[in-house]
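The residues of the chain are indexed from 1 along the displayed sequence. Order of appearance sets the numbers: ligands from 1, and atoms from 1 within every ligand. Just so it is clear, the structure is predicted and the values come from calculations on it, not from any experiment.
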Amino acid sequence: MEENKKLVTILVPAYNEEEVLHMLYERLETLMDDNRAYDFEVLLVNDGSKDKTLQIMQELREKDKRINYLNLSRNFGKETAMIAGLDYCKGDAVIIIDADLQDPPELIPELLKYWEEGYDDVYAKRKSRQGESFLKKFTSKMYYKVLQAFTKIEIQKDTGDFRLLDRRCVEALKAMRESQRYTKGLFSWIGYNKKEVLYDRDPRAAGKTKWNYGKLINLSIDGITSFTTSPLRWAAGIGILVSFVAFIYMIVIIVKTIVSGVDVPGYASTMVVILFLGGIQLIFLGVIGEYLGRAFNEGKHRPLYFIERYNEEKETNANLNKSKFDN
Ligand code: UDP
Ligand code: MG
């Protein structure tokens, strides 16, 4: 009789990945066949692709019932595709991996080994980043610095979403229903026993990256605003400082006027003060607006995503008004 094997879910968010899915499946198949100690489920999440991604997923499932797929109703972005996958995964552990094979599936046995040793969150840290431009590496490094300076929680450097999560981490992540998700920060925020594994990040196997600087900047702002309100403190602090300097300057002007009479020229200094203060005010209005926008978006309590179908089963939305968490 076969003993009870643990189930491991491999979660793959995919957006327009028709060129790599077959390759990905081959690598995963080898991995699953070589690791008979576990049962595997591959959960492919189609994030509203415009190419044949969904069709390929369906073909793969027909061939191999270890594969499940989730079709979102449109493109929601990787962060949302991941939470959708976490909601639908069945494993005792979940491994999140990119579809483009930048995260080598061959590292999975090592992740599993540490999981067996009792770690809850085994994350893969990049030793090298091949096929990424200098500018991308540089900006990512600077961003980590800024983020770290603003937030109190420790964000792991050079670490993506490639990691193994124990079921209790998955449940913790599922409990956090914020709509502007910064998953990388959430991984740190939930805590639990973390273990780092080093790997070489490969270049994309085929297809094009879905990231552009616009998305990256948005994600970076989400990263800061979803974990800390310290920019608001900074705003207040700088406001106090500037008012203090302005107050001193005011006294200087008053005294000067009393002592040596009205001094009409002063256009340059007046302009400088007006422009400087105006600039500072606009910047901090922007910062406040950013937080207000977040509160607005979260306050709507919309579902994070809609499912078109899970495997062959069409989603009817009949249970939508009932929150999963009300019970
Ligand atoms: N992805 C997604 N939804 C999106 C954009 C990307 O599910 O809107 C997936 C994509 O298919 C891939 C992973 O997220 O599996 C990482 O994307 P990509 O390789 O384009 O990013 P990069 O590795 O260049 O940071
Ligand atoms: Mg990639």
Side-chain angles (χ1 to χ4, degrees), residues 9-25 27-28 42-57 60 67-89 94-105 107-108 123-141 143-144 155-163 179-184 186-187 199-220 222-223 304-308:
T9 300
I10 300 175
L11 168 57
V12 190
Y15 175 54
N16 294 347
E17 301 285 9
E18 59 180 6
E19 286 164 86
V20 289
L21 278 185
H22 285 292
M23 257 186 282
L24 173 76
Y25 174 68
R27 301 255 300 259
L28 289 180
V42 177
L43 179 57
L44 304 171
V45 181
N46 176 33
D47 185 16
S49 302
K50 292 174 183 67
D51 61 3
K52 297 209 178 65
T53 299
L54 177 64
Q55 216 171 310
I56 298 172
M57 287 179 179
L60 290 175
I67 294 184
N68 292 313
Y69 67 87
L70 192 60
N71 189 33
L72 303 187
S73 63
R74 65 169 170 85
N75 177 252
F76 284 93
K78 185 186 182 190
E79 304 290 316
T80 305
M82 280 194 289
I83 183 67
L86 292 176
D87 285 340
Y88 277 76
C89 69
V94 176
I95 294 162
I96 305 175
I97 192 167
D98 279 1
D100 58 6
L101 291 168
Q102 282 196 285
D103 309 326
L107 196 71
I108 290 178
Y123 60 92
K125 181 172 168 170
R126 299 185 271 259
K127 258 191 297 192
S128 67
R129 301 173 140 209
Q130 287 170 41
E132 291 185 18
S133 68
F134 167 78
L135 193 65
K136 185 161 179 187
K137 285 184 217 173
F138 178 75
T139 43
S140 115
K141 195 169 156 193
Y143 174 63
Y144 279 119
I155 309 270
Q156 293 120 13
K157 235 187 261 164
D158 287 330
T159 307
D161 302 314
F162 184 25
R163 60 180 67 222
S179 57
Q180 283 168 300
R181 300 180 75 79
Y182 182 68
T183 313
K184 203 193 288 248
L186 297 179
F187 291 139
Y199 80 112
D200 290 305
R201 187 158 169 89
D202 296 326
R204 196 171 234 290
K208 275 200 293 281
T209 174
K210 275 69 195 183
W211 284 107
N212 52 45
Y213 273 92
K215 277 194 190 178
L216 223 52
I217 289 171
N218 279 337
L219 188 67
S220 326
D222 279 346
L304 298 182
Y305 55 84
F306 291 112
I307 301 293
E308 193 278 322

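We find that D200 and R126 are not joined by a salt bridge, their nearest charged nitrogen and carboxylate oxygen being 4.0 Å or further apart. Salt-bridge formation is not detected for the pair D158/R201: no Lys NZ or Arg NE/NH1/NH2 atom is positioned less than 4.0 Å from an Asp or Glu carboxylate oxygen. A salt bridge links E17 to R204: one of the charged nitrogens lies within less than 4.0 Å of a carboxylate oxygen.
The Mg ion (ligand 2) has an N, O or S atom of D100 closer than 2.8 Å.
Distances from atom 3 (N) of ligand 1 to the heavy atoms of D47, L24, T53, L21 show the closest one on D47. The heavy atom nearest to atom 12 (C) of ligand 1, out of those in M82, K208, E17, is found in E17.
Listed by number with element, the atoms of ligand 1 under 4.0 Å from a non-hydrogen atom of A14 are 7 (O), 11 (O). Interface of D98 with ligand 1, defined as ligand atoms under 4.0 Å from a residue heavy atom, comprises 13 (C), 15 (O), 16 (C), 23 (O). Close contacts of ligand 1 with A99, meaning ligand atoms under 4.0 Å from a residue heavy atom, involve 15 (O). Atoms of ligand 1 lying under 4.0 Å from any heavy atom of R204, numbered from 1 in the order shown and given with element: 18 (P), 19 (O), 20 (O).
Screening N46, L54, T53 for a side-chain contact (heavy atoms from CB on, under 4.5 Å) with Y69, the sole residue that qualifies is L54.
In this structure, the side chain of N16 engages the main chain of K50 through a donor-acceptor pair within 3.5 Å.
Between Y305 and D47, the side chains place no donor N or O within less than 3.5 Å of an acceptor N or O (distance only, hydrogens not considered). Side-chain polar atoms of E79 and T183 form a donor-acceptor pair below 3.5 angstrom.
Considering every non-hydrogen atom in both E18 and I56, the closest pair reads O-CD1, 3.5 Å.
Under 4.0 angstrom from ligand 1, the non-hydrogen atoms of R201 all belong to its side chain. Here V45 has no heavy atoms under 4.0 Å from ligand 1, in either its backbone or its side chain.
Under a 4.0 Å heavy-atom criterion, E79 is not in contact with ligand 1.
Taking distance alone, with nitrogen or oxygen atoms compared against 3.5 Å, P13 approaches ligand 1 more closely than that limit.
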